[in-house]
Amino acid sequence: MKILAIETSCDETSASVVENGRNILSNVISSQIPIHALYNGVVPELASRAHIKNINIVIEESLNKAGISFKNFDKKIDAVACTYGPGLAGSLLVGIMSAKTLAYIYDKPLIPVNHIEGHMYSAGIENSSLKPPFLSVIISGGHTELIIVKDYGKYVFLGGTRDDAVGEAFDKVAKILGLAYPGGPVIDKLAEFGDAKKVYFTRPLLKGSWDFSFSGIKTAVLNYSKKVDIKNRKTVNDICAGFRRAVCETVVYKAFQAVEKYNLKTLALGGGVASNSLMRKMFKEIGKNKKIKVFIPSPVYCTDNASMIGIAAYYKHKKSAYGKNNASLNPKPSLDLQNW
Ligand code: KG4
Ligand code: ZN
């Protein structure tokens, strides 16, 4: 079964053709980073406009890379999937309208997918041995969540962030330090040259809860940065190293606590921050020591991409076949995780 999946929830326009929930025949991503970098964050209106400009090109390129065109779409594609939330309303709308149109023209089922479910199953794109039950650790620009995936479509939400998402904290700290947007990859790079022991930030562990909170640590960086010279590269590198270590230790500590408490044997990371080099290293090392299988997607599948939407759509469709009449599908910017 071949699914054309479309993802436009934030600032990446992406389309992918996924075969049988496993083989990625194409994964085209058009990033809007240069547009939003000027403003140090995603500007929703600019994001929607860029999606409109790019969506047709991205879809066509993703079909072509999979050896498909609009002429043989009908024969080659079995269903169309798209992200319908959570995300920016205008951005989501572009992907939904494109998916609806294609599903309507070619008379194919339309499978609506929750963006978070895409991240959840993204570690299975390159490693098909990832199967529920597992602990899903979603660490992205908009989310920081611990979710038990009991089965495909059967979730237990343990906790999420009470304020800033982990990626958001990286981006805001980068702004404080005068670094480029998005801040996560920049801080990750600079931290490699810094000494984490030089600057200690308290780990926000929120004992007794599975929730996270990163705004305190961000304020701690702000206060610290006022006392030192942030024009000094060495100082900035040390702050980056101290901040990165504090954030990674917090996420890793809570994730493995949850794995142990709920007697899980497998853990899967998803979301842009899963491409952080220290985060990857710590999860791998501790997983090995504790004999927990850790699945981490390659960086291209950590950040937003349509392949992960295609995989989630495949499992959804397998469980409850989706119909062709989905004209009422609308963006759900604050969509919660739902069981199916
Ligand atoms: O998953 P994603 O593409 O978008 C959301 O769904 O939010 O994640 C984007 C986030 C940004 O905040 C970015 O700074 C962060 O992922 N990020 C990183 C790294 N690469 C991307 N954060 C830390 N270290 C990285 N290497
Ligand atoms: Zn995302």
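Remember, it's 1-based here, ligands and their atoms both numbered in the order they're listed.
The protein heavy-atom contact nearest to atom 18 (C) of ligand 1 is Gly184 CA, 3.5 Å. Regarding atom 1 (O) of ligand 1, its nearest protein heavy-atom neighbour is Gly272 N, 2.9 Å. In terms of protein heavy-atom proximity, atom 24 (N) of ligand 1 is nearest to Asn276 ND2, 3.0 Å. The protein heavy-atom contact nearest to atom 12 (O) of ligand 1 is Asp171 OD2, 2.8 Å. For atom 15 (C) of ligand 1, the nearest protein heavy atom (residue, atom name, distance) is Val273 CG2, 4.0 Å. Atom 26 (N) of ligand 1 has Asp188 OD2, 3.1 Å as its closest protein atom, hydrogens excluded (heavy atom only). In terms of protein heavy atoms, atom 20 (N) of ligand 1 is closest to Ser275 OG, 3.2 Å. Of the protein's heavy atoms, Asp304 OD1, 3.1 Å lies nearest to atom 6 (O) of ligand 1.
Salt-bridge annotation for Glu260 and Lys290: present, with a side-chain N of the basic residue lying under 4.0 Å from a carboxylate O of the acidic one. Under 4.0 Å is where a charged nitrogen must lie from a carboxylate oxygen, and between Arg244 and Glu192 at least one such pair does. Salt bridge present: Asp238 and Lys234 bring a charged side-chain N and a carboxylate O closer than 4.0 Å.
Taking the six-membered ring where tryptophan is involved, the planes of Phe243 and Phe201 are perpendicular, since the angle between them exceeds 60° and thus also 30°.
In His115, the N, O or S atom that comes nearest to the Zn ion (ligand 2) is NE2.
Ring-centre distance between Phe295 and Phe134: not below the 6.0 Å cut-off.
No heavy atom of Lys189 sits closer than 4.0 Å to any atom of ligand 1. A heavy-atom separation below 4.0 Å is found between His115 and ligand 1.
At a cut-off of 3.5 Å, with distance as the only test, no side-chain donor of Thr83 or His115 sits close to an acceptor on the other residue.
In this structure, Lys254 satisfies the cation-pi test against Phe212, with its NZ or CZ atom closer than 6.0 Å to the six-membered ring centre and inside 45 degrees of the ring normal.
For Tyr104, the OH atom sits in a loose shell: 12 or fewer heavy atoms of surrounding residues, nucleotides or ligands are nearer than 6.0 Å.
Seen from the Zn ion (ligand 2), atom OD1 of Asp304 and atom NE2 of His119 lie 100° apart in angle, a value rounded to 10°.
Taking all atoms of both residues into account, the shortest heavy-atom contact from Arg280 to Ser298 is NH2-CA, 3.9 Å. Of all the heavy atoms in Ser9 and Pro86, the pair that sits closest is CB-O, 3.7 Å. Between Ser122 and Gly270, the shortest heavy-atom contact is OG-CA, 4.1 Å.
Within ligand 1, the atoms closer than 4.0 Å to a non-hydrogen atom of His119 are 1 (O), 6 (O), numbered from 1 in the order shown. Heavy-atom proximity to Pro182, at under 4.0 Å, picks out these atoms of ligand 1: 14 (O). Atoms of ligand 1 lying under 4.0 Å from any heavy atom of Ser140, numbered from 1 in the order shown and given with element: 1 (O), 5 (C), 6 (O), 7 (O). Atom numbering of ligand 1 starts at 1 in the shown order; those under 4.0 Å from a heavy atom of Gly271 are 1 (O). Every atom of ligand 1 with a heavy atom of Gly141 under 4.0 Å away is listed here by number and element: 5 (C), 7 (O), 8 (O), 9 (C), 10 (C), 12 (O). Which parts of ligand 1 touch Gly167 is read off a 4.0 Å heavy-atom cut-off, strictly below it: atoms 12 (O). Every atom of ligand 1 is numbered from 1 in the order shown, and the set under 4.0 Å from a heavy atom of Gly142 is 7 (O).
Taking any N or O of Phe170, backbone or side chain, none lies under 3.5 Å from an N or O belonging to ligand 1. Not one N or O of Ser277 is nearer than 3.5 Å to an N or O of ligand 1, by distance alone.
Among Ile105, Leu110, Ile59, the one residue that satisfies the side-chain contact (heavy atoms from CB on, under 4.5 Å) test with Val80 is Leu110. When each of Ile176, Val228, Ile187 is tested with Ile239 by the rule side-chain contact (heavy atoms from CB on, under 4.5 Å), just one qualifies, namely Val228.
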